[in-house]
Amino acid sequence: MYEIEIKDMDMNQIAVSGQCFRIRRQRDCDAVWSVTANGEYVEAVQQGNRFLFSCNQEVFDNHWSLYFDLSRDYGQIKKEIDPEDAYLQEAVKAGWGVRILRQDLWEMIVTFLISQNNNITRITNSVEALAVKFGQKKNSRGLIRYDGENWQETDREFYTFPDPQQIAQGGMEALQGLGLGYRDKYILDMAQFCSSQEGKNWLTQLLDCDYEESHKRLMTRYGIGRKVADCICLFGLHHVGAFPVDTHVKQIVAAYYPGGFPLDQYPGIAGILQQYMFYYKLNK
DNA sequence: TACCAGGTCGCTG
DNA sequence: CAGCGACCTGGT
């Protein structure tokens with residue numbers, strides 16, 4: 001176990017902010033969060049700014065610290081927001097603990113292919129169904145309460161998110177029954193492409209492209225339009241200047257930003273502000 | 001019963 | 001290039 005103090009972070013807000021679909025409350029205990037990412041698993045308990053993780057400090061420093069984007073000062077971001085912008089200020093007040101996680105590129109590609117014209121409950125179910133069906137079952141450590149106040153480690157099982165080959169393996173047939181709907185063909189096409197050498201290179205090279213270039217390259221693939229490409233840039237490549245405009249953001253802009261959202265005012269951080277607004281709209 | 005959900009595709013004008 | 005209907009599916 002490892003205990004650490006972290007500012008500007010709230011597990012619940014992150015879990016329901018619509019950027020990740022594999023952070024959820026541990027089924028046996030509401031206070032425990034289970035997090036699956038990059039082939040690893042950890043559980044966490046939060047009390048205010050204090051967090052207890054089920055991994056040791058070395059694993060936390062090498063893995064989870066990066067995942068939770070701890071090197072970025074979100075307090076500073078908040079200070080850069082226009083104090084006159086009432087809606088954004090309200091959004092930050094509500095979603096003060098939202099961060100942009102550093103998630104796996106391939107997982108984000110598949111996840112946001114699933115997300116189109118869909119809702120968060122169904123996306124979550126489909127992502128988990130993919131993991132259970134095609135992912136690898138692994139063992140890790142979790143947290144369990146042993147008296148009123150203290151925690152100890154316990155064994156857990158989890159499923160990794162499947163790689164392209166694992167998803168492509170069974171063809172269209174294997175993708176039925178996962179609630180993917182018509183998106184199944186996009187996912188199969190992407191899985192087959194990313195299993196090829198050309199696709200592997202494409203994935204690797206995306207990591208080195210700037211926002212403009214990666215957005216352009218993502219858009220060339222079947223099933224990825226402007227919005228999904230922006231989500232992949234923001235959540236899978238950590239281009240936090242990307243500003244995905246979905247149905248909710250459209251509604252926000254229409255209601256509160258008659259002249260359009262002032263993107264010019266926030267170069268390089270618009271995606272973080274978008275996340276505050278998105279969280280606020282869905283959870284107020 | 002219709003409409004909606006973190007949209008995109010394919011077709012039409 | 002812009003506009004528009006179709007689209008899996010589960011929930012209100």
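Proteins come first, then strands; the chains are lettered A, B, ... in the order of their sequence lines, and each starts at number 1.
In this structure, A:R183 reaches the bases: a heavy-atom distance under 4.0 Å links it to at least one base atom across the strands shown. Nucleic acid contact for A:S17: base, since at least one base atom lies under 4.0 Å from a heavy atom of the residue. Within the 4.0 angstrom heavy-atom criterion, no nucleotide atom of any strand lies near A:Q176. When heavy atoms are screened at a 4.0 angstrom cut-off, A:I123 is found touching no nucleic acid atom at all. Within 4.0 Å (heavy atoms only), A:G225 reaches sugar-phosphate atoms of the nucleic acid but no base atom. Here A:F21 lies out of heavy-atom contact (under 4.0 Å) with every strand.
The base of B:dC4 does not come close enough to the side chain of A:R122 for any donor and acceptor atom to sit less than 3.5 Å apart.
Nucleotides B:dC11 and C:dC8, compared at atom P, are 15 Å apart to the nearest Å.
With rounding to whole Å, A:N118 atom CG is found 15 Å from B:dC3 atom C1'. In this structure, CG of A:L180 is placed 16 Å from C1' of B:dT8, rounded to the nearest angstrom. Between the NZ atom of A:K227 and the P atom of B:dA5 there is a distance of 12 Å, rounded to whole Å. The distance between atom CZ of A:R226 and atom P of B:dT8, rounded to the nearest whole Å, is 10 Å. Across the protein-nucleic acid pair, A:I224 atom CD1 and B:dC9 atom P stand 9 Å apart, rounded to whole Å. Atom P of nucleotide B:dT8 and atom CG of A:L218 are separated by 11 Å, given to the nearest angstrom. Taking atom CG of residue A:N125 and atom P of nucleotide B:dA5, one finds them 18 Å apart after rounding to whole Å. For A:N283 and B:dA5, the CG to C1' distance is 15 Å, given to the nearest whole Å.
Nucleotide C:dC8: unpaired (no Watson-Crick or G-U wobble partner with both distances less than 3.5 Å).
Taking every side-chain heavy atom of A:Y182 into account, C:dC7 is the closest of B:dC9, C:dC7, C:dG10. With C:dC8, B:dG10, B:dA5 as the choices, the nucleotide that has an atom nearest any side-chain atom of A:K185 turns out to be C:dC8.
Toward the 5' end of DNA chain B, the nearer of the two residues A:L282 and A:G223, judged by each one's closest nucleotide, is A:L282. Remark on DNA chain B: of its neighbouring residues A:Y222 and A:F235, the 5'-side contact belongs to A:F235, judged by nearest-heavy-atom nucleotide. Both A:Q116 and A:T121 lie close to DNA chain C; mapped to their nearest nucleotides by heavy-atom distance, the more 5′-ward contact belongs to A:Q116.
Aromatic ring orientation, A:F243 versus A:F261: parallel (interplanar angle below 30°, classes split at 30° and 60°). Classified by interplanar angle (parallel below 30°, tilted 30° to 60°, perpendicular above 60°), the ring pair A:Y211/A:H215 is tilted. Using cut-offs of 30° and 60° on the angle between ring planes, the pair A:Y67 and A:W64 is perpendicular.
Evaluation of the side chain to side chain donor-acceptor pair (under 3.5 Å) rule for A:E128 yields A:R22 as partners, not counting sequence neighbours.
In this structure, A:R50 and A:Q46 have side chains that are not in contact, with every pair of non-hydrogen atoms separated by 4.5 Å or more.
Judged by the 6.0 Å distance and 45° axis criteria, A:R221 is positioned over the aromatic ring of A:F193.
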